[in-house]
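Basis for what follows: all heavy atoms, side chains included, without hydrogens, waters or symmetry-related copies. Keep in mind it's a predicted model, so treat the numbers as computed, not measured.
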Amino acid sequence: MANFFLLLWAVMPPMLLLGYYYCRIPNAPPLLRLLLFFIIGAISGFCALSIEWIFETVFNWLVNWQQIQGCLATRGCTSGLVGVALRQLVEIGPIEEGCKLMGVIVPTCYLQRRYRLLPATIFLFTIAVALGFTAQENCIYIFHGTASILDRSIGTPVHAMFSAPWGYALAIYISSTIRLHRDRKLVPWAWLNAVICHALINVLSGAWRYSPPLHYLSYGLFPLLLWMFWRLEQLLRRVQGKTPIILISGYTPQHCYWQKGLVLFALILGGNAIFGLFILARQLSPLHWSQILDTEIIWFALRQVSQNLVFGILAWVVYRYLRHSACRRYF
């Protein structure tokens with residue numbers, strides 16, 4: 001019974017998020033077909049895990065990869081982080097994004113021969129495969145106790161955000177009646193973008209284990225995730241034929257630079273406000289309810305929530321200011 005509840009916690013967050021995007025897209029494909037892509041995503045996750053194991057075995061046999069990582073780690077924090085980044089760029093990112101890409105391309109090409117697929121449909125297939133991949137990862141991490149349910153639940157949309165660029169490029173290319181060469185070239189470049197973002201997020205998420213100043217790199221994690229979520233939403237609007245939300249609308253280069261600075265400022269404020277609430281949740285999650293109801297704990301939680309809400313509200317005010325400026329510029 002305990003294993004069943006763990007499986008439920010691993011699978012339900014990705015499925016709920018898939019249902020959310022399914023409800024947002026008009027003329028979405030049948031739900032059973034979408035669940036099939038979700039299962040394909042989980043299978044591609046197991047394939048990626050097997051390929052990574054083979055890669056580690058063969059590469060370690062050829063060049064003693066584990067010894068290289070150990071040497072880099074003993075030479076200092078910077079070298080250790082470089083070793084982690086190299087592994088993410090060479091192994092983890094390409095294998096996982098490659099397996100997800102194949103999980104979308106193969107069944108989509110089969111369906112394209114029988115049906116006329118819309119760009120939004122193909123993009124939704126990408127999200128379904130990515131969330132199925134996430135569910136598989138959740139099962140591995142939760143059953144082995146290497147990550148908490150809270151950590152994995154918060155990271156539910158991450159794989160979908162990784163895959164959004166090549167999902168969009170694939171949607172434009174496959175759904176086009178005229179297969180242009182420039183559209184086909186977008187797919188490998190978008191896939192490379194996903195690999196780099198995948199590696200960068202994994203490196204930043206592990207930076208907190210290192211001593212300062214590398215420790216402070218972790219504060220760039222949630223602003224980057226927030227930007228990637230914004231990019232996912234923008235690409236979703238594009239495949240539905242909607243106008244993207246414009247934030248940079250300056251008349252002069254100086255005004256544009258000022259607005260770009262405000263966007264970066266809002267991402268830093270908003271991202272680290274979410275980061276602060278995430279840290280608070282991790283601090284409170286091991287406590288018993290009787291401990292949480294202690295007066296000192298309540299006041300500590302209220303201070304942390306209030307502080308992060310102020311940062312989040314300030315980021316929202318900056319965002320609304322940019323939206324208002326763009327509306328005045330274009331309408």
Side-chain angles (χ1 to χ4, degrees), residues 78 81-82 85 88-89 93 154-155 157-169 186 189-190 192-208 210 212-240 242-280 303-331:
T78 305
L81 192 62
V82 169
Q88 294 295 330
L89 279 172
I154 291 175
V158 171
H159 272 288
M161 294 189 293
F162 290 155
S163 304
W166 60 256
Y168 171 77
L186 284 177
W189 283 109
L192 182 61
N193 179 290
V195 170
I196 293 172
C197 289
H198 194 140
L200 185 58
I201 289 295
N202 285 348
V203 170
L204 292 178
S205 65
W208 63 270
Y210 296 88
L214 294 179
H215 173 82
Y216 299 117
L217 290 174
S218 59
Y219 290 100
L221 173 63
F222 276 81
L224 181 58
L225 286 174
L226 189 57
W227 173 78
M228 291 176 63
F229 178 75
W230 168 261
R231 181 179 65 174
L232 170 64
E233 290 294 314
Q234 290 286 76
L235 294 176
L236 182 62
R237 290 179 65 90
R238 286 179 180 272
V239 294
Q240 294 182 82
K242 298 180 180 178
T243 306
I245 297 174
I246 298 173
L247 297 180
I248 310 299
S249 59
Y251 290 93
T252 63
Q254 291 79 8
H255 196 195
C256 289
Y257 286 131
W258 161 250
Q259 291 180 334
K260 290 178 182 178
L262 286 178
V263 170
L264 181 61
F265 180 63
L267 287 174
I268 293 172
L269 283 178
N272 283 295
I274 299 172
F275 187 34
L277 294 175
F278 170 66
I279 292 175
L280 177 63
R303 285 196 304 269
Q304 293 297 314
V305 170
S306 301
Q307 177 182 337
N308 288 293
L309 280 179
V310 168
F311 292 149
I313 291 171
L314 185 56
W316 177 256
V317 169
V318 173
Y319 169 75
R320 294 306 306 175
Y321 164 74
L322 292 170
R323 287 288 307 273
H324 180 67
S325 297
C327 289
R328 288 191 305 170
R329 169 71 173 83
Y330 289 99
F331 295 100

If I compare all heavy atoms of [X] with all of [Y], which pair ends up nearest, and what's the gap?
X    : Y    : value
A315 : G270 : CB-N, 3.6 Å
N193 : P165 : OD1-CG, 3.7 Å
A164 : L235 : O-CD1, 3.6 Å
L267 : P223 : O-CB, 3.5 Å
M161 : L225 : SD-O, 3.7 Å
H198 : H159 : CE1-CE1, 3.5 Å

If I take atom [atom1] from residue [X] and atom [atom2] from residue [Y], how far apart are they, to the nearest 0.5 angstrom?
X    : Y    : atom1 : atom2 : value
I246 : S325 : CD1   : OG    : 12.5 Å
S205 : L224 : OG    : CG    : 11.0 Å
Q254 : C256 : CD    : SG    : 9.0 Å
I313 : R320 : CD1   : CZ    : 14.5 Å
L232 : F229 : CG    : CZ    : 6.5 Å
I201 : I196 : CD1   : CD1   : 13.0 Å

Side chain to side chain, [X] and [Y], heavy atoms closer than 4.5 Å:
X    : Y    : result
Q259 : V263 : no
W258 : L262 : yes
R231 : C197 : yes

Q | Pairing residues for W230 by the side-chain contact (heavy atoms from CB on, under 4.5 Å) criterion, not counting sequence neighbours | A |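 Residues passing side-chain contact (heavy atoms from CB on, under 4.5 Å) with W230: Q234, I245, L247, Y319.
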
Review item, side-chain donor-acceptor pairs of residues 271-279, under 3.5 Å, at least two apart:
{"residue": "N272", "atom": "ND2", "partner": "Y219", "partner atom": "O", "Å": "3.4"}
{"residue": "N272", "atom": "ND2", "partner": "I268", "partner atom": "O", "Å": "3.0"}

Q. Where do V239 and L236 land on the side-chain contact (heavy atoms from CB on, under 4.5 Å) test, with the steps shown first?
A. CA-CA 5 Å; V239 294; L236 182 62; 4.3 Å; yes

Q.
Applying side-chain contact (heavy atoms from CB on, under 4.5 Å) to V158 and F162, what does each step give before you reach the verdict?
A. CA-CA 6 Å; V158 171; F162 290 155; 3.2 Å; yes

